[in-house]
Amino acid sequence: MAYKFFEVEQKWQKFWAENKTFKSQINPDKPKFYSLDMFPYPSGAGLHVGHPLGYIASDIFSRYKRIQGHEVLHPMGYDSFGLPAEQYAIQTGQHPDVTTKENIARYREQLDRIGFSFDWDREIRTSDASYYGFTQRIFIKLFNSWYDFDICKALPIESLINIFEVSGSNSVDAAHTEDVSFTADEWKNMSDEEQYKMLLNFRMAYLSESVVNWCPELGTVLANDEVKNGVSERGGFPVEQKKMKQWSLRITAYAERLLSGLDSIDWPESIKEIQRNWIGRSEGATVNFKINGHSEEIEVFTTRPDTIFGVSFMVLAPEHELVKEITNKQHLAEVESYIEKTSKRSERDRMADVKHISGAFTGAYAIHPFTGQDIPIWIGDYVLAHYGTGAIMAVPSGDQRDWSFANHFGLPIPNIIEGADLSQGAIEDKNAILSHSEFLNGLKASKAIGLAIHELEKLGAGTRKINFKLRDAGFSRQRYWGEPIPVYFKGDVPYVLDQKELPLMLPEVDKYLPTKDGEPPLARAKNWETKEGFPLETNTMPGWAGSSWYYLRYMDPTNTHALFSKAAVNYWGQVDLYLGGAEHATGHLLYVRFWTKFLHDMGLIPFDEPAKKLINQGMIQGVSKFVYRLTWTSGGLFGSDVLKDDEGLLPTNGLPPVFLSHSLRSDNPNLELKKSKIEKIRSKYNSIQKKKYPGLKGDLNLLFTDFGVPTHVDVSFVDGDVLDTEAFKNWREEYKTAEFISENDQYICGSEVEKMSKSKYNVVNPDELIERYGADALRLHEMFLGPIEMHKPWNTKGIDGVSRFLRRFWALFHDEQDNWIVTNGKPSDAEVKVIQKTIQVIQDDMDRYSFNTIVSHLMICVNELTTLKCTNKDVLSDLVVLASCHAPHISEELWKKLGNKESISFTKFPVFKPELLLESSHSYPVSFNGKMRFKIDLPVDMKAIEVEKIILEHEQSQKWLEGKKPKKIIYVNKKIINVVL
RNA sequence: GCCCGGGUGGUGGAAUUGGUAGACACGUUGGACUUAAAAUCCAAUGGACUUUGGUCCGUGCGGGUUCAAGUCCCGCCCCGGGUACCA
C-alpha cells in the first residue's frame, strides 16, 4: 500500500490550525528567532509555483530553528494597497477593498495547502485602518522631526526651535531644502506663521514644488525606482518630467548612514552594491567661480579639483537658475532657443540620444580662481540640473565628455598631463602626473586633490564636499487605494492632524478617477475636511509606505495604543532571516532601512537595521511551449504567393488550422517528410475548397518553406515536448478541427524559458501539483531545483523523483500491506553511522542555507537505510526529525505513529555524536605526482612510517616508482596520500 | 562604457573554503515483473582509445603558481543582473 499523502496532509494541516501549533509568544527562557518573508501583494491571478519558493525556504528554516530550541516568529500578511486593485476598480466600479479581500482569501487558501508554519494570529494587512492608522502616525513623526548632521540623528522639531531661539540657523547643520540663514533675533522677530513656514524647510517630511516623474497614463507621479528606462515599471507607460507640489521624505539626510550600515549586515553583495550605486557617494570639492561683471558666483561640484588648471570653459545645465541672468544680449536668442529645445525633450529621448553633443554659449565669462583667466560659460544638456550643483568646470584634458564638447565646439583643450597625447580623447587615469598646474606640478591625483582643496579653501573659493546621487523620496501619489496623508491645509500651509484623530479613514468616492480639474480621486469625497472645515490632503501615500515598517508591527499586531510595545521590540529585535526578491533592492529594501533608522533615532527601537541576514530567492521561470501554425491556415482571405487561385485570392475561412511539428520547421533533414505531409494537406484542402466553391479554377500552391507562426500553447497540454492534441483541440473553438503535421506520430512543441505569466500560458499552478503529488512533494521539489538564490526554469518532470523518495521514506516504516514494521532495540553500527553522517551534513547544510543539498542527503540516507533493511526505532526517529523541516506532513504522521504525543515541532534536533562515526579502517587514495592511482584499505591508527612502507611495497607502486626513491610523501588530513617523485 | 554575479555530462545541479570532479535527481538505454500498460525494482549512462587489465583527455579559452587547481593569480571570450552624460 502506498503512502496516502492527501489524507495525511489534510489531517495535519487541520491539526496545526486547530491547535495553533505555531503560535509564538515572548518567551524569556528561549532565544528568539525572527524569520520573515516579504509579504505579497495579493494579485488577482493567485499564486504560481514561483511565489512559494521563498516561503518554503523560510518555513524550512523556521522549523529548523524551532526544533533547535528557539522561539520562532514566523508571520505572514499582505501588502494590500496598490495599483492593480485600483485599476480594476476603475474598470469595473468594484471597490478595491472588495477585490483585495477576495484575492487575499484565495491567497490564504493556496498558502494553507502548502503546510506553512505561519503564526496566522499575527496576520496584518496594510490596507486595514487598524494598520494604516499607525503608518500615518509615523508620517506625523517624520513631519515633526528634523535631521542634525552634527550628531547624525533625527530629532524632534522642538529641539530645532530651541536652537533657533538661542543662536539662529548658522550654529546648526540641519538637513534642509532651501538654503536659509538667520540670527536668533531675526527668528524671534518672525511671526508665528513665518516661523512655522520656516520650519517646513527642515522637516523630515516636507512639501515642495519639485520636478517629478509624471505618468499621464497612470495619472500619478512615480518614484525614481518605479521608473525603468524612461517608462513606468508597471504598465510600461511613458513618463514625463513635470513640476508639482508634493510631499517628500528627507531620505538624503540618511545617505551616509544608509551606506555605512551596509557593512554591518549579512546581505547579498549584489544588493549591497546596487544600494551603494543608488546612494552614489562621491568625494570631491565645490569650487566657486566669480563671473565677470556679475555679483553672483557659480558653484560647481568636482571629484577632480586637482585638474583645476585644465579648466578651459564651464557648462551649466539649461535649467540652471543663473543662465538667464548672465546671458548677454548677442547670445540671448540662441540660448533661449536651446533651452526651449531641450525642455521639450523627454527624459527618455535624452537618454536615447547620449552621443549627440549640443550646447550654446552664453557670452559670459567666469574667472579662474588661481590664474584669473577668463573662462567662457556655456550651457549644455549633458550637464544635469539635479545632480551636484547643476554646473561643472570643464576639464577637456581629463574628462572624456568635456573633451568631446570642446572638440565639437572648437574650444581649447589645454594639456595639464605630463607627456599626454590629447588628440584622440581625454586622459582620465588618476595615476597620470600633472603639469602646467603651478603648485600641483609633478603630482598624482591622490596627492594633488587634497592640496588643491587646501589652496581653494585658503582663497575662500572652494571647500571639501561629499555629494550623493540619492534624491529625496517622493511621497505623494494621486491615487485612491493608498493611505491618506494625515494633513490639512490652512491656505497653502500644511498642518498635520493630531495623533488622536488617527486613523484618518480612506473616504468613499463615486469614482476612482481624478476629478475634472485633475485633482486626485480623494477630492471627490464628500466632506473631505477637518471638523473645523479645513481641507484635507487629497494625495495618498506610495505603495512602499506600509511595507517600510510592517516587520515591526508583526511583533505586536493588535496593539491599539502604540506601533508596538517596548517589550515586543526588545524581545524580537531585528529580523534574523529575511527572504524575498532582489527586485526590491532600490525600493522597499532601501526604504525599510530608512524608516528603521528613523524609528531608531526616535528611540522607539533599539536597532537601526531591519534585517541581519537577507536571502534573495531566485525567480522560477516558466517554460513556454509553442505550436507552429502554417501561415496560410490562419483564416481570412489570402492573396499571397502561398495560396492562390486564378484570380489570386482564395477564401480560407472555415478550413482547419494546420500545425507543424517543431523539428519539421527546418528544411533539413526533414524536408522530404514535410513535403509529403503538406502535399497531403494540400490535396485535401483543394478538394474541400472545390466542393465549397465550384467555380474555383486551379490548385492551391503551397510553399514548403513555411515555418509556421509560433503560438503560445498552454503548458498543461504538453508532456515533455509532446502535445496532447486532444486537449489542445478542446482548448478553443477555432482549434476544434485542427490538424497536425507530426513526426513519429507525435506533435513536438518548441519551448523557450520566459517569465511566468498568464498571457504566455506557461504558469504552473501549485494547487494542481499538490493535488497530484502532495504538498511535501511540492516543497521538496521546489527546494531540489537548485540553490535558493538562483533563477531557474520550472521543470515539473523532476517532481517524480521526490515523489518516489516520499514513498521509499514511508516504506522504511511499513511493509507492502502497510503494516508498521518499526522495531525497538539497539541499532547496528552501520545504521548508526548512516544516521550520524546524515545528522552532521544536514545540520551543516541548514546553517549555510543550502536547502537543495539537504534533499539529496535525505534521499541518500533513506536509500542506505533501505539497503540495510533498517527498522530500528531510534534511527528512524532521528530520520523523521531530520526530514520534518522539508516534508512536515509525512514526518508529523510518522512521528505520531512512532508513539509521540506532541507535534514534531516541539521535539529537539538530533544531537550529532562524532565519536559514533569513528572508523577502524580507512580507504586511502594514493596519488603519484597528484594523479590518483589506486586505493588501499588500512587501519586508521597505523603509524605513518608503516603506512609509507606498505604503500611503497604495494605492487601498483612499483610501476610509478621505477626503482627510484620518492622525494616526498604528503598526507592530507591523514586521509589522502600523495607520493612526489 | 562602468560596477557586480556566473560559465561543470543530454538536463537540474553536487564538490564542507587548494586534496578521489560529476554526489543526488531527471532523462535516455537495456533487463525483470505484467496478457498489456502504468507503477515498481535491477543494471548502464562525461568523452576517446582498449589486449576488458586498464590508459589518456576532460569543469568557457590561453597562460601561470603548486606535489596537487573547477577552486588561487594574469590575459581573453561568452551569459545574466545593476547602472548610465552622476562631473
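The sequence lines fix the lettering, A, B, ..., with proteins before strands; numbering per chain opens at 1.
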> Taking A:Asp381's backbone N and O only, do any of them form a donor-acceptor pair with A:Tyr338's side chain (distance below 3.5 Å, no angle check)?
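Pair found, side chain donor or acceptor close to backbone of A:Asp381.
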> Quick one about A:Ser850 and A:Thr853 (side-chain donor to acceptor, distance below 3.5 Å, no hydrogens or angles considered), yes or no?
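The answer is yes; a qualifying pair exists.
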> Could you run through RNA chain B and flag its stems, i.e. three or more consecutive Watson-Crick or G-U pairs with both distances under 3.5 Å?
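Output for stems: B:1-7 with B:77-83, B:10-12 with B:24-26, B:27-32 with B:40-45, B:46-49 with B:54-57, B:60-64 with B:72-76.
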> Taking atom P of B:A38 as reference, at what distance in whole Å does atom CZ of A:Arg772 sit?
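About 14 Å, once rounded to whole Å.
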> I'd like the P distance from B:C61 over to B:C77, given in whole Å.
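Rounded to whole Å, the distance is 15 Å.
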> A:Asp399 CG to B:A84 P: how many Å, rounded?
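After rounding, the reported distance stands at 18 Å.
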> Counting only heavy atoms not in A:Glu771, do more than 12 fall under 6.0 Å of its CD?
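Not more than 12 within 6.0 Å, no.
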> Less than 3.5 Å apart, any donor N or O on the side chain of A:Ser282 or A:Asn467 sitting next to an acceptor on the other?
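Not at all, the side chains of A:Ser282 and A:Asn467 share no donor-acceptor pair under 3.5 Å.
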> Using the P atom as the reference point in each nucleotide, state the distance between B:C56 and B:G12 in Å, no decimals.
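Their P atoms lie roughly 30 Å apart.
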> Which whole-number value in Å describes the distance from A:Asn277 CG to B:C3 P?
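These atoms are roughly 10 Å apart.
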> Quick one: A:Ile427 CD1 to B:A87 C1', roughly how many Å, whole number?
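These atoms are roughly 18 Å apart.
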> Please step through ring pair (Phe, Tyr, Trp, His ring centres under 6.0 Å) for the pair A:His368 and A:Phe309, ending with a clear verdict.
CA-CA 9 Å; A:His368 194 284; A:Phe309 289 98; 5.7 Å; yes
> Between A:Glu948 (CD) and B:C67 (P), how many Å, whole number?
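Checked: the CD to P distance equals 18 Å.
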> When you look at CD of A:Glu789, are more than 12 heavy atoms from neighbouring residues, nucleotides or ligands closer to it than 6.0 Å?
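It does: A:Glu789 CD has more than 12 such atoms within range.
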> Grab the CG-P distance between A:Asn929 and B:A69 for me, whole Å please.
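Spelled out: CG on A:Asn929 to P on B:A69 is 11 Å.
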> A:Thr838 side chain to A:Val834 main-chain N or O, any donor-acceptor pair under 3.5 Å?
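Side chain of A:Thr838 to backbone of A:Val834, a donor-acceptor pair under 3.5 Å: yes, one is there.
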> Expressed as a whole number of angstroms, how long is the span from A:Phe301:CZ to B:C85:P?
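Taking CZ of A:Phe301 and P of B:C85, I get 17 Å after rounding.
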> Out of B:A87, B:A39, B:C67, which has the shortest distance to the side chain of A:Arg807?
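Side chain of A:Arg807 sits closest to B:A39.
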> Taking any heavy-atom pair under 4.0 Å as a contact, classify A:Arg281: base, sugar-phosphate, or nothing.
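Touches nothing.
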> B:A21 and B:G58: how far apart are their P atoms, nearest whole angstrom?
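Here B:A21 and B:G58 have their P atoms 13 Å from each other.
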> Contact class for A:Arg276 (heavy atom, under 4.0 Å): base, sugar-phosphate, or nothing?
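Touches nothing.
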> Measuring only the C1' atom in each nucleotide, how far is B:A48 from B:A43? A whole number of Å is fine.
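It works out to 23 Å between them.
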> Do the side-chain N and O atoms of A:His814 and A:Asn819 include a donor-acceptor pair separated by under 3.5 angstrom?
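The answer is no; no qualifying pair exists.
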> Within this structure, what is the CD1-to-P distance between A:Ile977 and B:A68, rounded to whole angstrom?
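Whole-Å distance recorded here is 18 Å.
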> On a whole-Å scale, what distance lies between the C1' atoms belonging to B:U35 and B:U45?
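Rounded to whole Å, the distance is 32 Å.
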> In whole Å, measure the gap between the P atoms of B:G46 and B:G22 for me.
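Approximately 10 Å lies between the P atom of B:G46 and that of B:G22.
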> Is B:G9 in the syn or the anti form, by the rule that syn lies within 90° of 0?
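Syn, which is what one calls it when the glycosidic angle falls within 90° of 0.
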> Produce a footprint string for nucleotides 6-25 of chain B: one letter per nucleotide, 5' end first; B if the base is under 4.0 Å from any protein heavy atom, S if only the sugar-phosphate is, - if neither.
------BSSSB--BB--BBS
> What integer number of Å spans the C1' atoms of B:U66 and B:G6?
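Result for the C1' pair: 26 Å, nearest Å.
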> Could you tell me if A:Asp818 and A:Trp810 have a donor-acceptor pair between their side chains, going purely by distance under 3.5 Å?
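Yes, because at least one side-chain N or O of A:Trp810 sits under 3.5 Å from a partner of the opposite role on A:Asp818.
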> Is any side-chain N of the basic residue among A:Glu864 and A:Lys837 closer than 4.0 Å to the acidic one's carboxylate O?
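A salt bridge is present here (some side-chain N lies under 4.0 Å from a carboxylate O).
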> What distance, rounded to whole Å, do you find between the two C1' atoms, one in B:A39 and one in B:U34?
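Comparing C1' positions in B:A39 and B:U34 gives a spacing of 11 Å.
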